[in-house]
2 protein chains.
Amino acid sequence: MQIKVAIIDDRSSNRHILKEKLSRNPVFVVTLIAENGKDFLQQLKNVPPELLPDVALMDLEMPEMDGVNAIALGSSLYPTIRFVVLTIFDDEDKIFKAIRAGAFGYLLKDENAENIEEALLHMHETGAGPISPGIAHKILQMVQRTPDEKTIQQTQVQKEDPLLVLTDREQEILQLLVQGYLYKEIGAKLNISANTAKKHVMNIYQKLHINSRAQAMHLAYEKGWL
Amino acid sequence: MQIKVAIIDDRSSNRHILKEKLSRNPVFVVTLIAENGKDFLQQLKNVPPELLPDVALMDLEMPEMDGVNAIALGSSLYPTIRFVVLTIFDDEDKIFKAIRAGAFGYLLKDENAENIEEALLHMHETGAGPISPGIAHKILQMVQRTPDEKTIQQTQVQKEDPLLVLTDREQEILQLLVQGYLYKEIGAKLNISANTAKKHVMNIYQKLHINSRAQAMHLAYEKGWL
DNA sequence: CCACCAATAATCCGATTGGATTAGCGCTAT
DNA sequence: ATAGCGCTAATCCAATCGGATTATTGGTGG
């Protein structure tokens, strides 16, 4: 399986270096190179749907159309493309705008190329957007400064549940189960064997009178356990 | 320079393992160990200010007083302590509550010990809060889903449900899939072969960048498709 | 001390799922 | 008319899951 990558950057040296670095790993195919947002969208029009890039590595500061606008337009026109910002800027305004525009990841250019490659591979495996540590910290601070209403209402107790028949350990495992983790992943997280994790799940199924993960998830969402 | 660390976790095995791992690096000194939030705050009262921990590694799910409350109280009583969540849970509700309570970092327990150590050192050097990649991704998604007033005026185009990339048939099949029906049952309901039903599901997984029924259900509930 | 139970772990088995590939058929638009 | 796309279908294989059973350990309460 190959990953089709688009590179959008106004500096030709950046474009070439990045392409060269990515090309050293045959998993990556650079299928589109543009020098600004307008150029990028223009080129996309002439690309058949099956050849659309999987990832667009987008610079922010560019003439004609900048990265934020390109992401805003591109992500609604082509929802299957994952837009990853790749820039030297880390001020909160740019980060915030890019995220609001629909950026799926945000990497700083001072990451060395190995990290970028690694981050993209990790994204393709896990589906999680790649984010540089410093950026993550700033995003967290932004969230902290934004007070929220819905936390107030739900601070009260709920309980009175069939959950009461489950042991602490079983509740813990149920949490992970309904989040879609494999037995082996649950085991790894809790430092127990996958077999044991499964055994707990079987006990949970019995107690709740269900017999599949799907039913567990239904219950969990209906009862608001998540 | 040493880093004074507090460990708060209700499982004694976790406490011991973590302490042992950190102690292998002489930079870290575990100065306080508690088994829940109440215990933690109680112990802090008897600690002279100059011996207060620099970092508190806080589990979330604990009896007596959970991590969120402990962070909320602790961070106002002892503003110099950096509270870092260290847990196996990565559902958005817990992440959000912890951040709002004042968490400075959020690490997942499936990070291996080297990463935790590394993250803490990095925090002490740069001042940036340590955040696991998967958590960063989820925080970013939360920000994306929180409409902001001043950005609406400049980007009113977006939205564009990922569902739109799915064909009618695929949406039909997705509905049944997330309700827990087996391939053969989906096939029977739609008068097609189980193989065909499965083929559609595989196409859906590709388009939505997921790879399991559990993830599909997650998406469906989060996006309110059910 | 013994019964009980939660938690741990392993094994065996059949059913189901995930992943990749190939292929025919019908409709649509260039 | 031919290339593209959606829908149909099948096959192969590895991984995971659901179900049942057995066993050991460590606490807790009679």
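Throughout, a chain's letter reflects where its sequence line sits, starting with A, and its residues are numbered from 1. Predicted model, so just to flag it, every value in this text is computed and none were measured.
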Roughly how many Å is it from CD1 in A:Ile186 to P in C:dT8, rounded to a whole number? 12 Å
Output for pair (B:Glu92 CD, B:Ile95 CD1), nearest 0.5 Å, gives 6.5 Å
Atom pair distance, as rounded to whole Å: CG in B:Asn203 and P in C:dG18: 14 Å
What is the distance from CG of B:Leu208 to P of C:dG19, rounded to the nearest Å? 13 Å
For B:Gln206 and C:dG19, give me the distance from atom CD to atom C1', rounded to whole Å. 9 Å
Taken in chain and number order and not counting sequence neighbours, the residues that satisfy side chain to side chain contact (heavy atoms under 4.5 Å, CB included) with A:Lys19 are A:Ile7, A:Ser23, A:Val30, A:Ile33
Contact boundaries on DNA chain D for chain A, cut-off under 4.0 Å to non-hydrogen atoms: D:dC5 to D:dG19
Listed partners of A:Asn203 passing side chain to side chain donor-acceptor pair (under 3.5 Å), at least two apart: A:Lys199
With sequence neighbours left out, the residues meeting side chain to side chain donor-acceptor pair (under 3.5 Å) with B:Asp54 are none
Which residues share a side chain to side chain contact (heavy atoms under 4.5 Å, CB included) with B:Ala72, sequence neighbours left out: B:Ala101
Whether the side chain of A:Ser132 engages the backbone of A:Leu108 through a donor-acceptor N/O pair (distance < 3.5 Å, no angle test) should be reported. yes
Could you pull out all residues at least two apart from A:Asp39 that satisfy salt bridge (charged side-chain N to carboxylate O under 4.0 Å, His left out)? none
A:Met202 CE - C:dC13 P separation (whole Å): 17 Å
Using atom CG of A:Leu174 as one end and atom P of C:dA7 as the other, report the distance to the nearest whole Å. 13 Å
If you compare every side-chain N and O of B:Tyr205 against the phosphate oxygens of C:dG19 (OP1, OP2), does one of them come in below 4.0 Å? no
In whole angstrom, give the distance that lies between atom CD of A:Glu185 and atom C1' of C:dG18. 14 Å
Which residues share a side chain to side chain donor-acceptor pair (under 3.5 Å) with A:Lys207, sequence neighbours left out: A:Glu170
Name the residue closer to the 5' end of DNA chain D, choosing between B:His200 and A:Asn211 according to the nucleotide with the nearest heavy atom. B:His200
Who are the side chain to side chain donor-acceptor pair (under 3.5 Å) partners of B:Asp10, not counting sequence neighbours? none
How large an angle, rounded to 10°, do the end axes of the helix from C:dC1-D:dG30 to C:dT30-D:dA1 enclose when each is built from five base pairs? 40°
DNA chain C-proximal residues of residues 187-199 of chain A, any heavy atom under 4.0 Å: A:Ile192, A:Ser193, A:Asn195, A:Thr196, A:Lys199
State which residues pass side chain to side chain contact (heavy atoms under 4.5 Å, CB included) with A:Glu64; sequence neighbours excluded, sorted by chain then number. A:Asn36, A:Lys38
Partners passing side chain to side chain contact (heavy atoms under 4.5 Å, CB included) against A:Ile17 (at least two apart in sequence or in another chain): A:Lys21
